[in-house]
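Shown next, in structure tokens, is the structure this report addresses.
Owing to the predicted nature of the structure, the values given are computational and were not obtained by experimental measurement. We're numbering straight along the sequence, starting at 1. Order of listing sets the numbers, starting from 1, for every ligand and every atom in it.
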Amino acid sequence: MDEFSLIERYFDAPCARGDVRLGIGDDAALLDVPSGRSLAAAIDTLVEGVHFPPDTPPEAIGYKALAVNLSDLAAMAAEPAWATLALTLPRAEPAWLDAFAAGFFRLAERHGVCLVGGDTTRGPLTVTVQAHGFVDATPLRRDGARPGDRILVTGSLGDAGLGLRAARGELQGPEAAVRYCLDRLRYPAPRLAQGRLLHGQASAGIDVSDGLLADLQHLLDAGGVGAELEVDCLPRSPAFCELVKADSDDWFELPLSAGDDFELCVTVPEARIAAVCEAFAREALPLTAIGRIVAEPGLRCRRADGSAWQPRSLGWRHFEGEGG
Ligand code: ADP
Ligand code: MG
């Protein structure tokens with residue numbers, strides 16, 4: 001199988017979108033952005049051994065490579081449309097490619113995304129996806145948080161951190177709960193519907209990929225503000241509660257600093273809180289208030305009794321501790 005038959009067989013899927021004038025097969029794709037809207041472009045790379053363990057199922061790799069990009073679009077309240085895929089493979093294995101493509105297209109179809117191009121090369125397993133979407137004049141951005149705004153987070157935090165331990169064989173507990181966390185790690189659901197509900201309501205937003213503390217800090221830096229976090233209020237899933245002892249270090253640390261949950265963390269002015277919470281309740285989507293924006297820069301964590309609480313780790317960073 002050469003490069004071109006591989007592309008045709010696994011990636012040249014039919015595309016139902018009218019805004020794709022030319023998809024896979026030419027030197028570039030030709031795409032129509034609706035008039036009056038802006039193009040949102042996000043790109044992320046997954047490297048074997050860095051972003052996923054070598055024994056990760058190929059279906060999960062294909063799914064997650066797209067999911068992490070759709071999560072970035074969700075955090076801008078963008079409507080996803082197209083994706084491109086740069087795939088570097090050590091070898092062309094049909095079973096691997098079948099499963100990889102199945103995972104990728106399962107998520108793409110769910111959100112109406114067309115794969116419109118890419119690049120295929122031989123080398124150490126590396127998957128780069130760029131996702132494109134549309135935003136109107138007021139996308140959700142990182143830089144709008146103001147003192148007094150409430151800080152909220154979708155879904156639950158810490159599950160993917162437990163999932164990583166499960167993938168390493170380091171997590172003991174009821175099978176269903178362990179499986180749930182492993183699925184949260186491998187098949188994160190991009191919070192696109194939530195991004196849409198927050199559009200025009202939230203003052204700022206970011207997706208939680210590196211851990212809540214690290215990502216919230218980006219949002220605070222962008223807005224020139226600080227935050228007070230109520231660590232007892234962090235949303236923990238039933239599986240998390242089953243697997244982690246309340247009041248243990250993990251109970252507090254994982255939801256704050258474990259990455260890969262791909263929830264949205266947003267700030268909402270007090271006057272719009274009721275409308276936002278009602279909208280989420282109507283759609284039966286979880287949204288939890290976890291703190292407040294303050295004028296003084298820095299991030300302070302508090303327990304329910306008001307006492308200060310100090311996290312041990314701030315989250316994941318590449319090149320941490322290296323010069324430059
Ligand atoms: P070129 O050499 O002109 O850059 P390529 O030979 O890399 O083109 O690719 C041929 C066509 O196949 C292009 O339309 C490209 O976008 C598409 N393509 C290549 N690899 C992939 C992939 N992994 N997924 C989707 N489309 C791909
Ligand atoms: Mg060319």
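Atom SG of C233 sits about 8.5 Å away from atom CD1 of I290, to the nearest 0.5 Å.
Ligand-side atoms of ligand 1 in range of G25: 11 (C), 13 (C), 14 (O), range being under 4.0 angstrom from any heavy atom. Set against the non-hydrogen atoms of E3, the atoms of ligand 1 under 4.0 Å away are 6 (O). In summary, the atoms of ligand 1 found under 4.0 Å from a heavy atom of F11, numbered by their order in the structure, are 23 (N), 24 (N), 25 (C). Short contacts between ligand 1 and F4, defined as distances under 4.0 Å to a heavy atom of the residue, involve ligand atoms 6 (O).
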* To do: Let me see the working for T45 and T128 under side-chain hydrogen bond (donor to acceptor under 3.5 Å, both in side chains), right down to the final yes or no.
  => CA-CA 4 Å; T45 296; T128 300; 2.8 Å; yes
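Salt-bridge formation is detected for the pair D260/K64: a Lys NZ or Arg NE/NH1/NH2 atom is positioned less than 4.0 Å from an Asp or Glu carboxylate oxygen. Under a 4.0 Å N-O distance rule, the pair D232/R303 qualifies as a salt bridge.
Not a single heavy atom of Y10 lies less than 4.0 angstrom from ligand 1.
Heavy atoms from both the backbone and the side chain of I24 come within less than 4.0 Å of ligand 1. Contacts between L115 and ligand 1 below 4.0 angstrom, taking non-hydrogen atoms only, involve the side chain exclusively.
Residue D27 holds the heavy atom nearest to atom 3 (O) of ligand 1 of all those in L22, D27, D12, I7.
Annotation: ring pair (Phe, Tyr, Trp, His ring centres under 6.0 Å) contacts of Y63 (sequence neighbours excluded): Y187. For F134, the ring pair (Phe, Tyr, Trp, His ring centres under 6.0 Å) test picks out W82, with sequence neighbours left out.
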